[in-house]
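Working notes for the structure below.
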Amino acid sequence: MTEQGNSHRATMLTGAQALIRALEELGVDTVFGIPGGAILPAYDPMLDSKKLHHILVRHEQGAGHAATGYAQATGKVGVCIATSGPGATNLVTPIADAYMDSVPMVAITGQVASAQIGTDGFQEADICGITMPITKHNFLVTRTGDIPRAVAEAFHIAATGRPGPVVVDIPKDVLQSSAPFHWPVELNLPGYRPVSKPHGKQIREAARLITQSKRPVLYVGGGVLKARATEELLQLAELTGAPVVTTLMARGAFPDSHKQHLGMPGMHGSVAAVTALQKSDLIVALGARFDDRVTGKLSSFAPEAKVVHADIDPAEISKNRIADVPIVGDCREVLTELAAAVRGEQAAGRKGDYTAWWEALDDWRTRYPLGYETVPGELAPQYVIERIGKIAGPDAIYTTGVGQHQMWAAQFISYEKPYTFLNSGGAGTMGYGVPAAMGAKAGRPEATVWCIDGDGCFQMTNQELATCALNNIPIKIAVINNGALGMVRQWQTLFYNQRYSNTDLQSRRIPDFVKLAEAYGCVGLRCESPDQVDAVIEKAMAINDAPVVIDFVVHEDAMVWPMVPAGLSNDEILAARGQRPDFDEEGE
Ligand SMILES: Cc1ncc(C[n+]2csc(CCOP(=O)(O)OP(=O)(O)O)c2C)c(N)n1
């Protein structure tokens with residue numbers, strides 16, 4: 001980008017006007033936020049903007065997760081805005097969340113006036129200091145004339161390379177003073193040059209290993225979605241015939257219905273996916289980070305596997321598991337070049353033979369399919385979630401909170417398309433679901449957006465129902481009401497001798513979710529038995545002029561299976577309670 005005009009001819013704008021203009025120039029259409037003293041100057045020109053639509057949330061955490069949901073659903077940078085001090089610190093959780101899940105987000109915060117910085121001024125918080133370890137980058141803008149460049153750089157950093165959150169903190173006086181406005185701006189980011197093109201030698205080596213291996217697995221992480229590389233993934237998978245597993249952050253990156261898909265790996269992954277990784281001789285990790293929830297006890301993870309690890313972030317490679325073939329690059333370019341190299345190997349007569357591997361994989365998936373128990377007359381939470389997935393279908397977008405319902409939504413909804421499953425994977429942030437659904441719906445108004453939430457999570461951020469009702473954001477929320485902090489209770493059942501310390505929410509009616517929904521201007525529905533499930537979901541599907549909340553009163557003892565207990569080897573996977581898969585039987 002080059003600088004145009006000069007300071008004599010450039011328009012003089014206040015910092016606040018420059019901020020709004022810069023956001024407009026960057027194509028931002030939606031921002032989520034709450035005003036306050038320090039950011040107030042920016043809210044004034046916002047009123048005149050024809051391009052920016054500001055959605056007034058009820059809590060800054062809602063603004064942050066909404067920006068994340070918007071970004072994950074649209075692929076664009078999500079934007080949230082808050083005032084100094086508590087406004088900014090309320091954004092800390094969503095910033096940490098976006099950092100862990102590599103979501104492109106720009107958080108704009110007002111700061112106390114320059115002269116007050118460091119004096120413990122009213123509503124002062126050092127948000128740059130606080131967010132240093134949870135942002136990709138952050139700026140304290142000290143000169144009005146720097147605002148356009150800082151904003152442009154923030155967007156560039158957030159969206160390129162490994163995406164992530166960037167904070168732009170602007171003192172009140174910097175927003176109020178005037179300076180010439182130049183656009184476009186020249187980015188000044190020495191040292192920031194994300195490598196996107198993979199090294200040819202590594203690609204060839206990876207292709208050679210793929211064709212030589214007998215038990216390969218394509219281990220697909222969220223990076224494939226971030227790189228918008230799902231088409232390329234499909235091509236490589238079909239070209240090689242290798243099995244695919246998709247992590248919690250990559251659900252939807254490869255169609256669940258595809259015969260090469262083994263499902264989700266990890267703590268609550270399918271037996272076939274977990275065991276495939278565990279017994280493989282080659283793991284091709286694509287935009288994945290060998291998270292502890294996937295590897296289980298790291299020292300015993302996939303002991304016989306060589307590892308090809310492709311990631312845009314060099315810091316990820318060999319962080320947890322040593323890579324035999326490290327590939328730094330954008331997953332889309334990696335997958336394209338890898339497919340070309342595999343084609344070359346195949347043309348030279350070298351083709352992997354995975355017949356015996358597929359026999360074992362098919363055996364595991366036939367013997368240990370995902371399933372759940374039902375108690376006569378009681379509503380199984382898995383059934384509710386499964387039916388929502390079936391009725392709303394693969395074009396809907398699903399968000400979740402964190403807990404059992406999140407895992408069931410990952411397991412029992414069939415994801416066929418990318419960007420349809422949004423959740424808080426890395427941070428595991430309760431309260432993510434409702435505001436993320438709001439952001440997703442604001443970004444993709446034509447899509448049906450369901451939030452599958454827990455009754456615990458829902459009580460953390462449901463104030464955004466007001467925002468949704470007032471801003472015509474008709475999301476649908478299924479509260480999986482088991483009267484407990486279910487996932488924690490599950491651990492107490494299994495590992496703390498059924499001593500339920502502080503996980504009982506004590507009432508399924510306080511609050512009454514139907515009345516709560518109505519109080520917020522939404523439609524409230526309740527469902528307590530299996531035979532009402534389809535009708536109530538269909539009723540919710542037919543309502544498009546208001547948000548809908550369904551209180552699904554479900555069985556409290558349902559548990560998430562399979563499970564690899566924390567800290568144990570993936571070899572210790574339990575298909576169901578007390579049920580260790582018997583791998584010795586294979587082939588019999
Ligand atoms: C902000 C936050 N606090 C605490 C936790 C720990 N935690 C993980 S799951 C969970 C229970 C969630 O309960 P609920 O929303 O009812 O979902 P369920 O597991 O019952 O489906 C808790 C407390 C967390 N992940 N995030």
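Count residues from 1 along the sequence. Both ligands and their constituent atoms are indexed starting at 1 by order of listing. The structure displayed is predicted, hence computed values, not measured ones.
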For [atom], find the nearest protein heavy atom and state the residue, atom name and distance (0.1 Å precision).
| atom | value |
| --- | --- |
| atom 15 (O) of ligand 1 | Cys457 N, 2.7 Å |
| atom 17 (O) of ligand 1 | His405 ND1, 3.2 Å |
| atom 25 (N) of ligand 1 | Gly428 O, 2.8 Å |
| atom 14 (P) of ligand 1 | Gly456 N, 3.5 Å |

Could you work out, for atom 4 (C) of ligand 1, the closest of Met430, Met407, Arg489 by heavy-atom distance?
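That would be Met430.
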Reported CH2-to-CZ distance for the pair Trp561 and Arg577, which is rounded to 0.5 angstrom:
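Here the rounded value is 6.5 Å.
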From CE (Met105) to NZ (Lys136), nearest 0.5 Å:
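Going from CE on Met105 over to NZ on Lys136, the span is 14.0 Å.
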Can you classify the ring geometry of Phe139 versus His137 as parallel (below 30°), tilted (30 to 60°) or perpendicular (above 60°)?
perpendicular
Going by the angle between their ring planes, with limits at 30° and 60°, are Tyr415 and Phe421 parallel, tilted or perpendicular?
tilted
Looking just at side-chain N and O atoms, do [X] and [Y] make a donor-acceptor pair shorter than 3.5 Å?
| X | Y | answer |
| --- | --- | --- |
| Thr400 | His405 | no |
| Thr109 | Gln111 | no |
| Gln123 | Thr83 | no |

Mark the output for Ile480 as yes if a heavy-atom distance to ligand 1 is under 4.0 Å, and as no if none is.
no
Between ligand 1 and Ala484, can you find any atom pair, the residue atom being a heavy atom, that is separated by under 4.0 Å?
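Yes, Ala484 has heavy atoms under 4.0 Å from ligand 1.
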Is Tyr500 atom OH crowded by more than 12 heavy atoms from other residues, nucleotides or ligands, each under 6.0 Å away?
yes
Is the closest N or O pair between [X] and ligand 1 shorter than 3.5 Å?
| X | answer |
| --- | --- |
| Gln404 | yes |
| Met487 | yes |
| Gly403 | no |
| Phe458 | no |

Taking non-hydrogen atoms only, is Leu485 closer than 4.0 angstrom to ligand 1 via side chain, backbone, both or neither?
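Looking at Leu485 and ligand 1, atoms from backbone and side chain both fall under 4.0 Å.
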